[in-house]
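Below is one structure, written out as structure tokens; the observations come after it.
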Number of protein chains: 2
Amino acid sequence: MPTPSPRLTPQRKIILEVLRGTRSHPTADEVYDMVRERLPNVSLGTIYRNLDFLHSQGIIRKLDKLGSQMRFDACIDPHLHVCCIECGKVGDLPADAASVSLRRDAGMDTQCAFRITGHWLELYGICADCLTEHTSG
Amino acid sequence: MPTPSPRLTPQRKIILEVLRGTRSHPTADEVYDMVRERLPNVSLGTIYRNLDFLHSQGIIRKLDKLGSQMRFDACIDPHLHVCCIECGKVGDLPADAASVSLRRDAGMDTQCAFRITGHWLELYGICADCLTEHTSG
DNA sequence: ATATCTGCAAAGGATTTGCACGAGT
DNA sequence: ACTCGTGCAAATCCTTTGCAGATAT
């Protein structure tokens, strides 16, 4: 059987262009607004579906830990995000700047123009129960 | 004027007891179910309001980065959380085990019975724009 | 009395989904 | 033809809110 062939529709193309044209890590809503400037009849559902598709293909990053709304990032290189606790703005930080920033809590980080005040670290893994199911099943 | 005097209602008391009686970092919904066993007529709104109140008083922790629903933790000592990517279960990790776990990605961490497969680090701060507003205003 | 708190139900915001139509191969 | 994608609107999920009645000091 032939492999499924995703299509590069105008919507999909413009959504990706819009995302690649900004460094602001926009929400779906903000992407919607930007895309509508070029494609007035696009629907929000299409935005969500395409952002999801692009993410599933590894073409964009989905940032779901930066507030109440998801944000999206066309830059998939490993890097960290800094979130402003006042206005919610999201900035980038080169990966190798992390340890520097963590040690400098409450100091101004010259590399990202944010004064770092805190951080959040969370681990992912597989719990013992799920591990057992894997090995026994 | 007298300081406001929050009351220790039965609802509030039981919610806190229930939360202190588990290490499962329950969602509001799960707290609701547990509380209803002792207080069948409690409402979900009351659960949310009290969890919020307890959090605002620094009595419990609110974990909003562990999936789509908020989770709550009566243990406010600094410690990390490990989230199972299969079933969503959340475990604890002593703070000083963090560096160990990060170095052991994909290895089994004996301290928390999770096999750590990844992590997420995010920074918080104040952006240049908001800093300017503070210093100039 | 009065401020705090409750249960109920409705509202809210973000995201997902069902469906019939449209477009590419 | 057939599959994939779209617009629209409704549905869903989690959380918050308005309100009238209840409770404690």
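What you see is a predicted model; the values in this text were computed from it and never measured. In what follows, chains are A, B, ... by sequence order, proteins preceding strands, each numbered from 1.
For the pair Arg49(B) and Asp52(B), the salt-bridge criterion is not met [side-chain N within less than 4.0 Å of a carboxylate O].
Side-chain contacts under 4.5 Å among hydrophobic residues (ILVMFWY), followed directly or transitively, place Ile47(B) together with Ile14(B), Ile15(B), Leu16(B), Val18(B), Leu19(B), Val31(B), Tyr32(B), Met34(B), Val35(B), Leu39(B), Val42(B), Leu44(B), Tyr48(B), Leu51(B), Phe53(B), Leu54(B), Ile59(B), Ile60(B), Met70(B), Phe72(B).
Distance, Leu8(A) CG to dT6(D) C1': 15 Å, rounded to whole Å. In this structure, CD1 of Ile15(A) is placed 11 Å from C1' of dT6(D), rounded to the nearest angstrom. Distance Leu63(A) CG to dT15(C) P: 12 Å, rounded to the nearest Å. Here the P atom of nucleotide dA24(D) and the CZ atom of Arg12(B) are 13 Å apart, to the nearest Å. Between Asp29(B) atom CG and dT12(D) atom C1' there is a gap of 14 Å when expressed in whole angstrom units. dA14(C) atom P lies 15 Å from atom CG of Leu66(A), rounded to whole Å. In this structure, Ile14(B) places its CD1 atom 16 Å from P of dC5(C), rounding to the nearest Å. Going from atom CG of Asp33(B) over to atom P of dC14(D) covers 12 Å, rounded to whole Å.
Across residues 38-59 of chain B, Asn41(B), Val42(B), Ser43(B), Thr46(B), Arg49(B), Asn50(B) each have a non-hydrogen atom less than 4.0 Å from an atom of DNA chain C (numbered order).
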Report the C-alpha distance between Val90(A) and Phe114(A) in whole Å, list the side-chain angles of each, state the deciding distance to 0.1 Å, and finish with yes or no for side chain to side chain contact (heavy atoms under 4.5 Å, CB included).
-> CA-CA 10 Å; Val90(A) 177; Phe114(A) 275 68; over 6 Å; no
Go through the steps for Arg23(B) and Asp73(B) under the test side chain to side chain contact (heavy atoms under 4.5 Å, CB included), then give the verdict.
-> CA-CA 8 Å; Arg23(B) 299 267 53 227; Asp73(B) 188 351; 2.9 Å; yes
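Within the 4.0 Å cut-off from OP1 or OP2 of dG7(D), at least one side-chain nitrogen or oxygen of Gln11(A) is found.
Of all heavy-atom pairs between Arg12(A) and Pro6(A), the closest is NH1-CB, 3.9 Å.
With hydrogens and angles ignored, a donor-acceptor pair closer than 3.5 Å exists between the side chain of Arg7(A) and the base of dC4(D).
Using cut-offs of 30° and 60° for the angle between ring planes, the His25(A) and His81(A) rings count as perpendicular.
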